[in-house]
*Asks:* 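Quick one: the structure is below, and I'll ask about it shortly.
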Amino acid sequence: MASLQHNSQSGEHGARHGGERDPEQGADRPAGDPTASAVRRDLAVRARDLAVRAAVEQGLISETEPVVALLDVAGIRASAAALRTAFEEITAPGTPVLHAFAVKAAPLVPLLRLLDAQGIGAEVASPGELALARAAGVPADRTVLDSPAKTTAELREALALGIAVNADNPQELDRIDSLVGSGPMRSPVGLRINAQIGGGSIGALSTATTTSKFGVALRDEGARAWVVQAYLDRPWLTRLHTHSGSQGVPLELMARGVRTVYELAEEINAAAGRRQIDTLDIGGGLPVNFASDEETPTYAAYARLLKDTVPELLDGRYGLVTEFGRSLLAKHGLVLARVEYVKSAGGRPIAVTHAGAQVATRTVYDPVSWPLRIAAYDTEGRPRTGPAVAQDIAGPACFAGDLLAENRPVQRLEQGDLVAALDTGAYYFTNHYAYNSLARPGVHGFTETSGGEVRFATVRAPQRVEEIVAESGGAYADALLDG
Ligand SMILES: *Cc1c(COP(=O)(O)O)cnc(C)c1O
């Protein structure tokens, strides 16, 4: 159990990041909110420091488990509640709203079940993700299938289960036509639209560029008329879908994408002479602040922007589906890794840790787009204090670029210390990269009891070396020998 004295230290620790603030975000925050957000931030820092300390004391991180991932269960619950509340506040009473968590952001069955219990369904984009959602017990009517390359078998399964399907392109619609036959359609089906409104600061995550691979490119010649006719020809096509991008896409651009599909829905319904389209799926993509403990932008801020940009969408005539991933989880997860060695090269101190490309793939390959904050702890899991020294925080993989952070001012690390890579609850340790056959680390959820104790629950066991052998053709050892 962590000591009280530790709590006061965690305050200092948090203050280290406290001065940073996203200048964009302050403006539209209502009076009073900054205090609430500061309280939330301090609670998050305190919870994290307690969890690190407890992970050491309870032996979660050790010589044999030198890297581990932690999820803050209370933080996740709070994010889910904030999302629900934000949309309740902007929609007319009785408006059906389904929040479907983008499973790719954190494909873990217990997590999907936790979110389901908080009223959040699942957006899946592969047979594996659908299987995870089903294993978690997410009901069919709260599951949305968006795979970009759905096979006929995948479509058939989805339609048989009655889960919502968003078709990506004309050929996929043709396939659905032949699967539907004359039978009744149980699944709500929509068409994904690329509003072609432009990209954000990270090209790889910008889905609404002129030439994006996703959806029907609405501004291409003849596309709009084709879409309208596609709906008139298919009475069961009742939804429209768009997802304008993820991290790096400005909120205004996301809202403009929603406005575009709203106007298209109105045009289709007018042409049909009835309210054929009854639901708009507006995707996910709320960016996350990786620079400090502030949770900005908030769901409330995005919801208010939607209300300003496309108020008619929220008047109760349309149901809504959202597909947030990163923003629900990122701030509530961290990777904790032991510093195996410290050394120096060319005058630069280097901490060689057990967290690198296998748990922070995007950061390692594209550090400019994906900088991560690093917090330093001593061997007992207490926040390191003292002056920061520019260091490389290196990983265990065999290539020079395997760095969590380069030339980063952090309290000077020693052998046996711990580093925490913060804000890694989405798309990091949950999206393991098997370079060097490095094992998938264990994932543990943590909660603080009313007695101030930290309780861990295993979400994913650490991968064992025998499992790596089995998954690497261990059963076919002789396969390539001839004769
Ligand atoms: C990835 C993705 C999302 C989630 O994006 P986040 O940035 O994690 O919120 C939602 N919808 C679709 C179709 C996606 O591909």
Side-chain angles (χ1 to χ4, degrees), residues 76 79-80 82-83 86-87 98-108 111-112 115 120-126 128-130 132-133 142-150 154 158 163-169 172 189-195 199-209 212-216 239-251 253-255 257-258 261 279-290 295-299 301-303 306 320-333 362 369-370 423-428 430-431:
I76 295 167
S79 274
L83 172 58
F87 278 79
L98 168 65
H99 298 293
F101 171 67
V103 170
K104 72 175 184 284
L108 297 166
L111 187 60
L112 301 181
L115 289 170
I120 310 285
E123 185 264 355
V124 299
S126 72
E129 288 181 0
L130 175 56
L132 297 182
R142 306 209 304 155
T143 304
V144 180
L145 179 73
D146 284 344
S147 320
K150 303 174 198 76
E154 205 178 343
I163 68 178
V165 174
N166 287 315
D168 178 84
N169 59 66
E172 192 182 331
V189 181
L191 182 65
R192 179 163 180 175
I193 299 297
N194 171 9
S201 62
I202 304 175
L205 270 67
S206 296
T207 50
T209 59
S212 161
K213 74 169 181 170
F214 294 110
V216 175
R239 293 186 171 186
L240 263 180
H241 175 220
T242 198
H243 168 67
S244 297
S246 292
Q247 191 70 17
V249 174
L251 298 193
L253 204 64
M254 291 167 56
V258 175
V261 289
T279 301
L280 293 199
D281 181 336
I282 64 171
L286 194 77
V288 164
N289 169 21
F290 285 95
E295 284 192 44
T296 53
T298 59
Y299 288 119
Y302 179 49
L306 280 177
L320 289 180
V321 177
T322 75
E323 306 173 338
F324 294 101
R326 182 177 291 102
S327 52
L328 274 165
L329 267 294
K331 304 299 276 185
H332 310 306
R362 278 183 170 152
S369 299
W370 300 101
D423 309 325
T424 49
Y427 299 101
Y428 278 91
T430 48
N431 285 222

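Indexing begins at 1, ligand by ligand and atom by atom, following the structure's order. The structure displayed is predicted, hence computed values, not measured ones.
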*Asks:* List for me each residue that meets salt bridge (charged side-chain N to carboxylate O under 4.0 Å, His left out) alongside D423, sequence neighbours excluded, and say none if there are none.
*Replies:*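 Only K331, R373 meet the salt bridge (charged side-chain N to carboxylate O under 4.0 Å, His left out) criterion with D423.
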*Asks:* Look at the rings of Y302 and F324 and say which category their plane angle falls in: under 30° parallel, 30 to 60° tilted, over 60° perpendicular.
*Replies:*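 Rings of Y302 and F324: perpendicular, as their planes differ by over 60°.
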*Asks:* Which atoms form the tightest heavy-atom contact between E154 and L145, and what is the distance?
*Replies:*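 Here E154 and L145 meet closest at OE2-CD1, 3.8 Å.
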*Asks:* Whether the side chain of T296 engages the backbone of N289 through a donor-acceptor N/O pair (distance < 3.5 Å, no angle test) should be reported.
*Replies:*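 No: the side chain of T296 does not pair with the backbone of N289.
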*Asks:* So, H243 versus T207: side-chain donor-acceptor pair below 3.5 Å or not?
*Replies:*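 No, T207 and H243 have no side-chain donor paired with an acceptor closer than 3.5 Å.
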*Asks:* Can you tell which of T322, L320, T143, V144 makes a side-chain contact (heavy atoms from CB on, under 4.5 Å) with L98?
*Replies:*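 Single pass found, and it is V144.
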*Asks:* List, pair by pair, the atoms of ligand 1 and of the protein that are both N or O and lie under 3.5 Å apart, giving the separation rounded to 0.1 Å.
*Replies:*
unit_1, atom_1, unit_2, atom_2, d
ligand 1, 5 (O), S246, OG, 3.3
ligand 1, 7 (O), S246, OG, 2.7
ligand 1, 7 (O), R326, NH1, 3.3
ligand 1, 8 (O), R326, N, 2.8
ligand 1, 8 (O), Y427, OH, 2.5
ligand 1, 9 (O), G285, N, 2.8
ligand 1, 9 (O), G325, N, 2.9
ligand 1, 11 (N), E323, OE1, 2.7
ligand 1, 15 (O), K104, NZ, 2.9

